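See below for the structure under consideration.
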Amino acid sequence: MSNGSSITEFLLLAFADTRELQLLHFWLFLGIYLAALLGNGLIITAIACDHHLHTPMYFFLLNLSLLDLGSISTTLPKAMENSLWDNRHISYLGCACQILFFLFFISAEFSLLTIMSYDRYIAICRPLHYGTLLGSRACVHIAAAAWGTGFLYAVLHTANTFSVPLYQGNTLDQFFCEIPQILKLSCSDSYLREVGLIMVSACLGFGCFVFIVVSYVQILRAVLRIPAEQGRHKAFSMCLPHLAVVSLFISTAIFAYLKPLSISSPSLDLVVSFLYWVVPPAVNPLIYSMRNQELKDALRKLTTRCYSEPINSSSSSKQL
């Protein structure tokens, strides 16, 4: 292969070699994917239909659920297809699209998690200014900035990655396309441009992480000063789900990309990447609905309405 343009497809890493395990992985992936679709879909529908949830916190949560659906839909359906049909191939264009969309959803999600920490900080530490600082128009602009920043970030990295000549074959040691695996196929110094961009992105991500930590330190100090126990409980119920989601997102990412080389292996990398890319979008709806009474009430109303409407319609048809 003289250059990257001669590559028409990539070979992804298979989860298993035996047919029985491949089918088992397919059903496991299908269950996780359906759980993610159901959980995030219910949150989106409940927030959109219940006017009591038309607040900045739930508006950002709706955007987070949309991003979770996008990120898990970028990688898991292809993994399901490969496991079902005993296939490892992905086209060159398909690989580029997978990287583009996944970078878009993940970077936008991390930006949104940072914004949500600011929302919690304003709600608890500066409640009198909440309506002024986070009005409906401001929330739309902030969310649009997160989506737009994620898209520009994804386009820049994807274009830069696939402009690098590839000479080391077309086999990727991962079940989906990601930038480090693509760069491994290059022996040219041109990949240093993408490494530089990754370092800049890591610094920006670290800045967001510091902002989240500082915000929660201020939130914790403010909560501990609340005299009423009920007030503290309400404040913690507002912040703990977001803090749990941020911790899950960052901890799995750090372990996936910064783990020691001494414990690195293809099988371990496969499991860790699965935990990082697949588990958070499926678990996030459960985390947010466990301690949030308003969201649980909205979901209960939604399921009750969906259950009662078919019964009422059947009763009306019988009367006719």
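Not measured: the values here are computed from a predicted model.
Closest approach of Thr161 and Leu183 over heavy atoms only: CG2-CD2, 4.4 Å. Nearest heavy-atom pair across Ala138 and Leu133 is CB-O, 3.8 Å. Between Asp86 and Gln22, the shortest heavy-atom contact is OD1-NE2, 2.9 Å. When every heavy atom of Phe60 is checked against every heavy atom of Leu112, the shortest pair comes out as O-CD2, 3.4 Å. The shortest heavy-atom contact between Ile72 and Ala36 is CD1-CB, 3.6 Å. Here the closest non-hydrogen pair linking Ser71 and Asp68 is OG-O, 3.0 Å.
For the atom pair CG of Leu69 and CZ of Phe105, the computed distance is 9.0 Å after rounding to the nearest 0.5 Å. Here CD1 of Ile99 is found 10.0 Å from CD of Gln181. Values are rounded to the nearest 0.5 Å. Distance check, rounded to the nearest 0.5 Å: CD1 of Ile43 to OG of Ser65 gives 4.5 Å. Atom CG of Leu204 sits about 9.5 Å away from atom OG of Ser111, to the nearest 0.5 Å. Note that CZ of Arg120 and CG of Leu243 are 12.5 Å apart. Values are rounded to the nearest 0.5 Å. Note that CE of Met116 is 12.5 Å distant from CD1 of Ile142, once rounded to the nearest 0.5 Å.
A continuous path of hydrophobic side-chain contacts links Val210 to Tyr121 [ILVMFWY only; heavy atoms under 4.5 Å]. Follow the hydrophobic side-chain contacts under 4.5 Å out from Phe162 and you never reach Leu152; the two are in separate clusters. Taking hydrophobic clusters as Ile, Leu, Val, Met, Phe, Trp and Tyr residues chained together by side-chain heavy-atom distances below 4.5 Å, Trp85 does not share a cluster with Leu11. The cluster map of Ile, Leu, Val, Met, Phe, Trp and Tyr, joined by side-chain heavy atoms under 4.5 Å apart, puts Leu224 and Ile124 in the same cluster. Cluster annotation: Ile106 and Phe206 are assigned to the same hydrophobic cluster (Ile/Leu/Val/Met/Phe/Trp/Tyr, side-chain heavy-atom contacts under 4.5 Å, transitive).
Here side chain to side chain donor-acceptor pair (under 3.5 Å) pairs that include residues 126-151, with residues two or more places apart or in two chains, are Asn63-Trp147, Asp119-Tyr130.
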Chi angles and distances behind the side-chain contact (heavy atoms from CB on, under 4.5 Å) call for Thr171, Arg88: CA-CA 10 Å; Thr171 302; Arg88 295 177 54 197; 3.9 Å; yes
Residues Val213, Gln218; criterion side-chain contact (heavy atoms from CB on, under 4.5 Å); working and verdict: CA-CA 9 Å; Val213 171; Gln218 297 297 322; over 6 Å; no
Asn170/Glu9 under side-chain hydrogen bond (donor to acceptor under 3.5 Å, both in side chains): CA gap, chis, key distance, verdict: CA-CA 7 Å; Asn170 65 340; Glu9 64 179 13; 5.1 Å; no
Test side-chain contact (heavy atoms from CB on, under 4.5 Å) applied to Leu113 and Leu64, step by step: CA-CA 8 Å; Leu113 289 173; Leu64 181 68; 4.1 Å; yes
Residue pair Leu30, Leu84: steps toward the side-chain contact (heavy atoms from CB on, under 4.5 Å) verdict: CA-CA 10 Å; Leu30 180 61; Leu84 180 61; over 6 Å; no
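Considering only heavy atoms from C-beta on, Val278 stays 4.5 Å or farther from Tyr33 through its side chain. When side chains are defined from C-beta on, Leu61 does not count as touching Leu53, because their heavy atoms never get closer than 4.5 Å. In this structure, the side chains of Pro77 and Phe29 stay at 4.5 Å or more apart for every pair of heavy atoms. Side-chain contact check for Lys78 versus Asn87: some heavy-atom pair is nearer than 4.5 Å.
For Thr158 (side chain) and Val155 (main-chain N/O), no donor-acceptor pair under 3.5 Å exists by modelled atom type. Side-chain N or O atoms of Ser83 include none that pairs as donor or acceptor with a backbone N or O of Met80 at under 3.5 Å. Checked by atom type and distance alone, the side chain of Gln98 pairs as donor or acceptor with a backbone atom of Cys177 at under 3.5 Å. Remark: the backbone N or O of Leu12 is not paired with any side-chain donor or acceptor of His89 at under 3.5 angstrom. Checking side-chain atoms of Ser163 against main-chain N and O of Asn160 turns up a donor-acceptor pair under 3.5 Å. Remark: the backbone N or O of Ala46 is not paired with any side-chain donor or acceptor of Asp50 at under 3.5 angstrom.
Cluster partners of Leu93, using a side-chain heavy-atom cutoff of under 4.5 Å among ILVMFWY residues and allowing indirect links: none. Here Leu21 is tied into one hydrophobic group with Leu24, each link being a pair of ILVMFWY side chains closer than 4.5 Å.
Other residues, nucleotides and ligands contribute over 12 non-hydrogen atoms within 6.0 Å of the OH atom of Tyr216. Counting non-hydrogen atoms of neighbouring residues, nucleotides and ligands closer than 6.0 angstrom, the CZ atom of Phe26 exceeds 12 such neighbours.
In summary, the aromatic rings of Phe110 and Phe209 are positioned with their centroids too far apart to meet the 6.0 Å limit.
Aromatic ring pairs are classed by plane angle as parallel below 30°, tilted from 30° to 60° and perpendicular above 60°; the pair His157 and Tyr153 is tilted. Ring geometry for Phe176 against Phe102 counts as tilted: the plane angle lies between 30° and 60°, on a 0 to 90° scale.
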